[in-house]
A.B. asks: 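Here it is, the structure in full.
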Amino acid sequence: MKGSGKLPPAARAVVEGDRRALARAISAVENGDPSADAILSAIYPRTRSIPVVGFTGPLGVGKSSLINALVSLLRARGRTVAVIAVDPSSPFSGGSVLGDRIRFEGRADDDGVFFRSMASRGAAGGVAAATLEASRLLDAAGFDLVLVETVGSGQVDVAIREIASTSVVVLVPHLGDEVQTLKAGLFEIADVFCVNKSDLPGADLAKRDLAEFVALGSTEGRWSPPIVGTSTLETKGVDELWTAVEAHESYLDASGERRAGERRRLASEIVGLVRDRVGQELTARLEGDPSLRGLLDRVVARSLDPRAAADRLRPSARPSR
Amino acid sequence: MASTSRSPRRHPIRVLIAKPGLDGHDRGAKVVARALRDAGMEVIYAGLRQTPEEIVRAALEEDVDLIGLSILSGAHMTLFPKVLALLKKNRAGNVPVFAGGIIPDEDARRLRRAGIRAIFGPGASLEEIVTTAQKLARAHS
C-alpha cells in the first residue's frame with residue numbers, strides 16, 4: 001500500500017492487512033476506546049466505499065447459512081469477503097451468545113475471508129453501534145466487500161439501511177398473508193427479497209405475495225426489488241441471489257443513487273455523532289455546571305418547561321431574555 | 001502492544017467456546033456458554049468439530065480475551081498442545097486457555113504444565129467455572 005508510512009502504527013497495520021491489528025481495531029471501536037478515533041480518522045481517506053450488503057429478516061430464516069453459501073460462491077470467484085454477524089446482547093446481564101460462526105465453513109488458512117461476530121450492546125434496530133465503523137475498517141483493510149448479518153429482526157429493525165449499500169430482506173414461506181407485506185418497516189427497505197428455505201411447501205405463494213407487493217410500489221425507471229428463491233439445504237438459488245445483489249449495485253452506480261445514498265448515510269452518521277457528543281456533554285454539565293443546574297432547578301420547580309429549557313441550551317440559542 | 005492498548009473502561013469479556021476433535025457431545029459446552037453469557041460475557045460459540053487451526057483463527061479474528069475448550073473424545077493430549085502452539089506462533093500466546101471435559105488427573109497435570117490455565121472435570125460447578133474465567137480474562141485484558 002503506497003504512502004502507508006505516514007499513518008499511525010495501528011492504522012498502518014490495518015491497511016497493510018495485519019489481521020490481528022484489524023481485529024483489535026474493531027474491538028477498540030466496539031469498546032469506545034480512545035485509540036479508535038485516531039485509527040478511524042487515519043484510515044478514512046483510504047476507504048473506497050465498497051459494497052456493504054446487509055442481510056436482515058426474522059429469527060431463524062437462515063441468514064447465517066445463506067451468508068456461508070455466499071462466501072463460498074464469492075471466494076470461488078476470487079473476491080475477498082468480510083462478514084460482520086450481529087447477535088443480541090442480553091438486556092439483563094449484558095452478555096451474549098454469538099453463534100453465527102457455527103454455520104461458517106471457511107477454510108482456516110484462507111486470508112481472503114474475515115469473520116467477526118458482534119454483540120448489539122444495547123443498540124436498537126438490528127445492528128451494533130460499531131457495525132458501520134467496523135465495516136469501514138474492513139474496507140480500509142482491502143476486502144472487496146462486506147456482508148452484514150443483522151440480529152434476527154422485528155418489523156421495525158431497519159438500521160441496516162444506514163450501513164448497507166444493498167439490503168437483502170430474507171423471509172421464509174408461511175410468514176403471513178399478503179397484508180403483512182403492506183405493513184410499514186422491514187418490507188420498505190428491501191433492495192432484494194430472498195425467500196429462503198424454498199424447498200418447503202408454500203414458497204411459491206410467498207413469492208407471489210411479494211411480487212404483488214413489489215408491483216404495487218413500482219415506478220418506471222426506479223429500482224424494483226427482485227424476488228429470489230433460495231435453499232441452502234439444496235444449495236439452490238444462491239447464484240441468482242448474488243446476481244440480484246450485483247444488479248442492484250450496478251443500478252446504484254448507473255442511476256447516481258450510490259453517491260446520493262452515501263451522502264444521506266454520512267449526513268445521518270454525522271448528526272448521530274454530534275447527538276451523542278452533545279448529549280454526553282450536556283448530561284454531565286446539567287448537574288455539574290452551576291448555571292445549568294439552576295436551569296434544571298427551575299424546570300423541577302415548574303417555573304420553566306422542558307422545551308423552553310432545551311431552546312436555551314441549543315448551541316445557536318440566543319442569550320436568554 | 002498486546003495488553004496495553006485497552007482503556008481502563010471495562011468492556012464485556014469476549015470468550016471463545018469451541019469443541020476440538022470429533023466427539024459430538026456439546027451439551028457441556030452449551031451449558032458453560034450460557035452460564036458465561038449470564039455472567040455478562042460475550043460468548044463466541046464456535047461449536048463442534050473444530051480443528052486447532054480453526055479455533056486459533058476464530059480467536060484472532062474475534063479478538064477474544066479467553067478461550068474455553070471442551071473435549072470428551074480423549075484426544076486432548078494432541079489437540080490442546082496444538083492450540084497452544086498455534087496461539088504462540090501467531091503472537092497470541094498470552095490469551096489464556098481453559099478446558100473442560102473428561103481429562104484424567106495425570107493428563108490434567110501435564111496440560112497445566114504445558115500452559116492450559118484451568119481444567120474442569122464433570123464435577124465442577126458453573127460458579128467455579130465462571131469465577132475462574134473472569135479471573136483469567138481480567139488478568140489478560
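Lettering of chains follows the sequences in order, A, B, ..., and the numbering in each one begins at 1.
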A.B. asks: Select all residues of residues 37-57 of chain B having any heavy atom within less than 4.5 Å of some heavy atom of chain A, and report them by number, or 'none'.
C.D. replies: B:Arg37, B:Asp38, B:Gly40, B:Met41, B:Glu42, B:Val43, B:Ile44, B:Tyr45, B:Ala46, B:Gly47, B:Glu53, B:Glu54, B:Arg57
A.B. asks: Where does the angle between the aromatic ring planes of B:Phe98 and B:Phe120 fall among parallel (under 30°), tilted (30 to 60°) and perpendicular (over 60°)?
C.D. replies: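 The rings of B:Phe98 and B:Phe120 stand perpendicular, inter-plane angle above 60°.
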A.B. asks: Can you tell which part of B:Ala18 gets under 4.5 Å to a heavy atom of chain A, answering side chain, backbone, both or neither?
C.D. replies: neither
A.B. asks: Measure A:Val83 against the heavy atoms of chain B and call it side chain, backbone, both or neither at under 4.5 Å.
C.D. replies: neither
A.B. asks: Using a cut-off of under 4.5 Å for heavy-atom pairs, which of A:Ser90, A:Ser117, A:Pro9 has the most such pairs with chain B?
C.D. replies: A:Ser117
A.B. asks: Salt bridge check: are A:Arg136 and A:Glu269 linked by an N-O gap of less than 4.0 Å?
C.D. replies: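 The answer is yes: the pair qualifies as a salt bridge.
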A.B. asks: Return the CD to OH distance between A:Glu133 and A:Tyr44, rounded to the nearest 0.5 Å.
C.D. replies: 11.0 Å
A.B. asks: Shortest non-hydrogen contact from A:Glu149 to A:Ile67?
C.D. replies: CB-CD1, 3.5 Å
A.B. asks: Verify, without hydrogens or angle tests, whether A:Asp18 (side chain) and A:Ala21 (backbone) share a donor-acceptor contact under 3.5 angstrom.
C.D. replies: yes
A.B. asks: When you measure from the side chain of B:Lys19 to the backbone of B:His25, do you find a donor-acceptor pair of N or O atoms at a distance under 3.5 Å?
C.D. replies: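 Yes.
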A.B. asks: Taking A:Arg48's backbone N and O only, do any of them form a donor-acceptor pair with A:Asp139's side chain (distance below 3.5 Å, no angle check)?
C.D. replies: yes
A.B. asks: Counting only non-hydrogen atoms closer than 4.5 Å, does A:Asp109 touch chain B with its backbone (N, CA, C, O), its side chain (CB onward), both, or neither?
C.D. replies: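 Only the backbone of A:Asp109 comes within 4.5 Å of chain B.
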A.B. asks: Would you check if the side chain of A:Thr47 reaches a backbone N or O of A:Ile43 as a donor-acceptor pair within less than 3.5 Å?
C.D. replies: no
A.B. asks: Check A:Arg75 with A:Asp110, please: is the shortest side-chain N to carboxylate O separation under 4.0 Å?
C.D. replies: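 Looking at A:Asp110 and A:Arg75, the cut-off is met.
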A.B. asks: When you measure from the side chain of B:Asn90 to the backbone of B:Ala92, do you find a donor-acceptor pair of N or O atoms at a distance under 3.5 Å?
C.D. replies: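 Checking the backbone N and O of B:Ala92 against the side chain of B:Asn90, no donor-acceptor pair under 3.5 Å is found.
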A.B. asks: Is it the case that A:Ser27 and A:Arg116 place a side-chain donor and acceptor less than 3.5 Å from each other?
C.D. replies: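 A:Arg116 and A:Ser27 do have a side-chain donor-acceptor pair below 3.5 Å.
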A.B. asks: Taking heavy atoms only and a threshold strictly under 4.5 Å, list by residue number the residues of residues 94-103 of chain A that touch chain B; give 'none' if the list is empty.
C.D. replies: A:Gly94, A:Gly95, A:Ser96, A:Val97, A:Leu98, A:Gly99, A:Arg101, A:Ile102
